[in-house]
2 protein chains.
Amino acid sequence: MFPGKMDIEKAPRRGRPPSGGREQILTATLELLRERGVARTTTKDIAARAGVSEGSIFYHFGDRSGVLLAVFQQVHQPLTALREAGLGDLDLAAALDRFIAALETFLGDSLIVFYAAHADIDLREPVHKYLSDNQMGPHKGVELLGGYLAAAQQRGEVRAGIDTRAAAFMILGTCQMRMSQMTLIGNDRGLPTRKQVVENFMAMLAP
Amino acid sequence: MFPGKMDIEKAPRRGRPPSGGREQILTATLELLRERGVARTTTKDIAARAGVSEGSIFYHFGDRSGVLLAVFQQVHQPLTALREAGLGDLDLAAALDRFIAALETFLGDSLIVFYAAHADIDLREPVHKYLSDNQMGPHKGVELLGGYLAAAQQRGEVRAGIDTRAAAFMILGTCQMRMSQMTLIGNDRGLPTRKQVVENFMAMLAP
DNA sequence: GTCTATAGGTTGATAGAC
DNA sequence: GTCTATCAACCTATAGAC
């Protein structure tokens, strides 16, 4: 189904080397998703933009949903990086800043794909499956940041009465709101800056 | 374009009374949007579910986008109510609870329509125009709640160092996150309850 | 792996009767 | 206001050559 994935091997190459068509299809699809939305992104459009034939799309991804799901997966890569890097022993402000920066970069790319998944029933199922198979979802971010905040609370950097999990959830929500307004409305008028978000959250957490 | 809207008049009725087809079309469209998303909601489907002919849809709304935009407008009605009612002189916990309840009810209905607007380029423009023409958008909620919080801060119920506008934005974001997970994932596992959100926000604001 | 050609099915929208 | 009938345009997917 995904021949391109098979290329990770050490044996000497055989046959014609891949010409990058697969990646071009993915890139073209993401662009079109941004520009016109899923509902108006056809395999024909994708082929034209990627500079390949329509047949090539079906060869690589099986069907239209296959392309869309592949885009969805590709866009999730950066998140794994953050998850693995962790927040370590950064101080509160630095940890918040790093987490928010990484999350917002990710959301800036992926929100449009999330929305797409809910605008097309053919995508909902596979996307849900992918998320649960890989144990992904907002709760992962809540765990990561919430865990850090709980530790900070024990160090006395966060007030005792605060539910660190719920607080982490609020941060996630704030990021989502910021980025969804950026993607949806296309500007940041009226939005608190990232710096303001960090500072204000600090003020609300501080003992 | 919208003949049904003309019925608000005192003069005696003339001609055949409307048979409610317009409303049924709107209801059917919203249902289908939920069930399968914009990309898979055709005028044919809508007609079938509403129990009218396809021609009727074009008569009432001009074209497909017209129906979708009308749904978008209809779903925004409840917000106006909250805006007019205001938060008055409720105490902090009660005000938060009321605001969040109203906002989440609204979001539960409207998020899917928002997503739809970004999955179909034909909807983006008219939706943006509608929002700016009616001065709607998240900033309105930020103003309303932020204003209340600022007053509470002056009464000494909210800590001095906190930026009430940014705090209000965080509340909006938290609600959006909660509701988008409900609509997108379809359950509330791992989500803080509304009660927890209120309580935790209180803990973070309290002097 | 990539292309061309095309089959087979849908879709949005219009026309005209009632 | 609502319906039936209809069409041209368009879309996904397949087949088979290179």
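Protein chains get the first letters and strands the later ones, always in sequence-line order, with residue 1 at the start of each.
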If a protein heavy atom is under 4.0 Å from the base, mark B; if only from the sugar-phosphate, S; if neither, -; do that for nucleotides 9-16 of chain C going 5' to 3'. --BBBB--

Do any side-chain atoms of residues 64-71 of chain A form donor-acceptor pairs under 3.5 angstrom with protein atoms, and if so which ones, sequence neighbours left out?
from   : atom 1 : to      : atom 2 : distance (Å)
R64(A) : NE     : T41(A)  : O      : 3.4
R64(A) : NH1    : D120(A) : OD2    : 3.0
R64(A) : NH2    : V38(A)  : O      : 2.9
R64(A) : NH2    : T41(A)  : O      : 3.0

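Taking E35(A) as the reference, E31(A), L32(A), R49(A) meet the side-chain contact (heavy atoms from CB on, under 4.5 Å) condition, with sequence neighbours excluded. With sequence neighbours left out, the salt bridge (Lys or Arg N to Asp or Glu O under 4.0 Å) criterion links K44(A) to no other residue. When the salt bridge (Lys or Arg N to Asp or Glu O under 4.0 Å) test is applied to D163(A), no partner is found at least two apart in sequence or on another chain. Annotation: salt bridge (Lys or Arg N to Asp or Glu O under 4.0 Å) contacts of E104(B) (sequence neighbours excluded): R178(B), R194(B).
Rounding to whole angstrom units, NE2 of residue H60(A) and C1' of dG1(C) are separated by 6 Å. The distance from atom OH of Y59(A) to atom P of dC3(C) is 12 Å, rounded to the nearest whole Å. Distance I25(B) CD1 to dC3(D) P: 9 Å, rounded to the nearest Å.
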